[in-house]
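Since the structure comes first, as structure tokens, the remarks are kept for the end.
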Amino acid sequence: MAGTDDEAVATEDDDALYVLTAVLLTPAQFPSVLGDDYPEACATLGIAPLSDGYGLVLGQDGDGARWTVIIDDVSLVAVAIASWDCGMEYDLSPDDRTMVAALPGWPLALAVAAPGVPAPHDPSPEVADQAPLSPPDTSGWGPAQRRLGADEIALQWAAWREQIDDKEFATSNTERSEPSGSSEAPDASEPSDSGDASEGSAGSGGSGSAEASDEKAPVTGSGQDGSGTGEPLTGVKRVLAEARAYVETPPPLGRVRSSFAPGDARMLRADGPGWSMVARTDDIAFVLLDEKPGEVLPIGRGAELPGLLEALEKMAVRPS
């Protein structure tokens, strides 16, 4: 999704902007590293969450300074991204009338730079009238790293799915399976029949084994365990309860998103406070939690998951 244009997008001081890449910021498609939902991602940039969304154009000016130009011509950016993804050239030159803001810095990490200008750096305070944007810190486990991990699962679903033996979903919490082998996917911990997750570990390098069990316990949208004890939910059980609550009370726009998957299925992505879930509507789900660094928790189809995924799919936002 990168291309360097000789034509310039004008920043606030009319310097040329050499375009390096562009991304969409819409309710259905936004850099998840910026937030759990579309309004949160917009707030990170200090812009209002317009229903039609924005395009973000990232580049450097003639001095090499980093700039992010926000435009409201979403279609233009979508065409540019599609062209670049196909290996075609595309001159992304938004009209000045579509420009919403020109912000110093980049909200995302880029490994490319414009040729013929100094190395990327933040604009000087004399030029920028606000602190420069910077990518979220992903050096340690936290919300940004958790959401990036969920992104990777969605992109590499087949590699993750092959780690899971469906027979293991029948394993009880007194007969836990040992890890069944190594792969490119990190270790996945096993939720017990009560809905809590057992301990497991995952290396940041993405190697390890996957272990799975079924998620059978009833859960409610009340934040309690449904057993009458009034105990607060934890782990996977809490995630399922909060996801179910989304169906009854719609969450902020973009918390639940639906995208293409092979066959007749859809890929679902749901996020919430401290958790991310990735699922195929015809298959299982994977959960990541802030409280369990580096762990990926698979959830079997069971009796409840299919209905939950169907309900989430009906209310999810989709790319236009």
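Checked for salt-bridge contact, Asp271 and Arg147 miss the test: no charged N lies under 4.0 Å from a carboxylate O. With salt bridges taken as basic N to acidic carboxylate O contacts below 4.0 Å, none links Arg301 and Asp282. Between Glu242 and Arg255 there is no salt bridge, since no side-chain N of the basic residue sits under 4.0 Å from a carboxylate O of the acidic one.
To the nearest 0.5 Å, atoms CZ (Phe286) and CD1 (Ile153) are separated by 6.5 Å. With rounding to the nearest 0.5 Å, the separation of CG in Asp290 from CZ in Arg146 is 4.5 Å. Between Met277 atom CE and Leu297 atom CG the span is 12.0 Å, to the nearest 0.5 Å. Expressed to the nearest 0.5 Å, how far CG of Leu108 lies from CG of Leu133 amounts to 9.5 Å. Atom OG of residue Ser134 and atom CG of residue Asp122 lie 7.5 Å apart, to the nearest 0.5 angstrom. Rounding to the nearest 0.5 Å places CD1 of Ile71 at 11.5 Å from CG of Leu25.
In terms of heavy atoms, Pro123 sits closest to Ala128 at CB-CB, 4.2 Å. Between Cys42 and Pro49 the shortest heavy-atom distance is SG-CA, 3.7 Å. Across Gly272 and Tyr246, no two heavy atoms sit closer than the pair CA-OH, 3.3 Å. The minimum heavy-atom distance linking Ala285 with Leu305 is given by the pair N-CD2, 3.9 Å. Taking each heavy atom of Ser258 and Pro319 in turn, the nearest pair found is O-CD, 3.2 Å. Here the shortest heavy-atom pairing between Val256 and Leu312 reads CG1-O, 3.8 Å.
Stacking of Arg257 on the aromatic ring of Phe30 is recorded, both the 6.0 Å distance cut-off and the 45° axial limit being met.
Remark: Ser139 engages Asp137 in a side-chain hydrogen bond (donor to acceptor under 3.5 Å, both in side chains) (not counting sequence neighbours). Every residue two or more places apart in sequence or in another chain was checked for a ring pair (Phe, Tyr, Trp, His ring centres under 6.0 Å) with Trp141, and none qualifies. With sequence neighbours excluded, no residue satisfies side-chain hydrogen bond (donor to acceptor under 3.5 Å, both in side chains) with Asp73.
Side-chain contact between Leu45 and Thr68 is absent, with no heavy-atom pair separated by less than 4.5 Å. The shortest distance between side-chain heavy atoms of Val127 and Asp61 does not fall below 4.5 Å. Inter-residue side-chain proximity for Val239 and Ile299 is flagged as unmet; no heavy-atom pair is nearer than 4.5 Å. Using a 4.5 Å heavy-atom threshold, the side chains of Val57 and Leu92 count as touching. Two residues are said to be in side-chain contact when any heavy atoms from C-beta on lie closer than 4.5 Å; Arg66 and Leu58 fail this criterion. Using a 4.5 Å heavy-atom cutoff, the side chains of Trp106 and Gln60 are in contact. Residues Arg280 and Arg161 have side chains not in contact (no heavy-atom distance under 4.5 Å, counting atoms from C-beta outward). Taking the side chain as every heavy atom from C-beta outward, Pro135 and Val33 never approach each other to under 4.5 Å.
Leu253 pairs in a side-chain contact (heavy atoms from CB on, under 4.5 Å) with only one of the listed residues (Thr26, Val317, Asp37), which is Val317.
Under a cut-off of 6.0 angstrom, the local environment of CG in Asp52 is sparse, with at most 12 non-hydrogen atoms contributed by other residues, nucleotides or ligands. Atom CG of Asp95 sits in a crowded spot, with more than 12 heavy atoms from other residues, nucleotides or ligands closer than 6.0 Å.
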>> Under the criterion side chain to side chain contact (heavy atoms under 4.5 Å, CB included), I'd like the reasoning laid out for Glu313 against Leu268: C-alpha separation, chi angles, the key distance, then a yes or no.
In response: CA-CA 7 Å; Glu313 163 60 19; Leu268 278 180; 3.5 Å; yes

> After noting the C-alpha distance and the side-chain angles of Arg269 and Asp36, does the key distance pass the salt bridge (charged side-chain N to carboxylate O under 4.0 Å, His left out) rule?
Replying inline: CA-CA 10 Å; Arg269 170 67 177 273; Asp36 284 326; over 6 Å; no

>> Run the salt bridge (charged side-chain N to carboxylate O under 4.0 Å, His left out) test on Lys314 and Glu310 for me, step by step, so that the C-alpha distance in whole Å, both residues' side-chain angles and the decisive distance to 0.1 Å come before the verdict.
In response: CA-CA 6 Å; Lys314 289 180 179 178; Glu310 180 181 0; 3.7 Å; yes

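In the hydrophobic cluster analysis, where Ile, Leu, Val, Met, Phe, Trp and Tyr join through side-chain heavy atoms closer than 4.5 angstrom, Ile284 is grouped apart from Leu155. If you chain together hydrophobic residues whose side chains sit under 4.5 Å apart, Trp275 and Met315 fall into the same group.
Of the possible polar contacts, none joining the Asp63 side chain to the Ala65 backbone as a donor-acceptor pair under 3.5 Å is found. Of the possible donor and acceptor atoms, one in the side chain of Tyr38 sits under 3.5 Å from a partner among the backbone N and O of Leu50. Judged by distance alone, with hydrogens and angles left aside, the side-chain atoms of Thr281 form a donor-acceptor pair with the main-chain N or O of Arg266 at under 3.5 Å.
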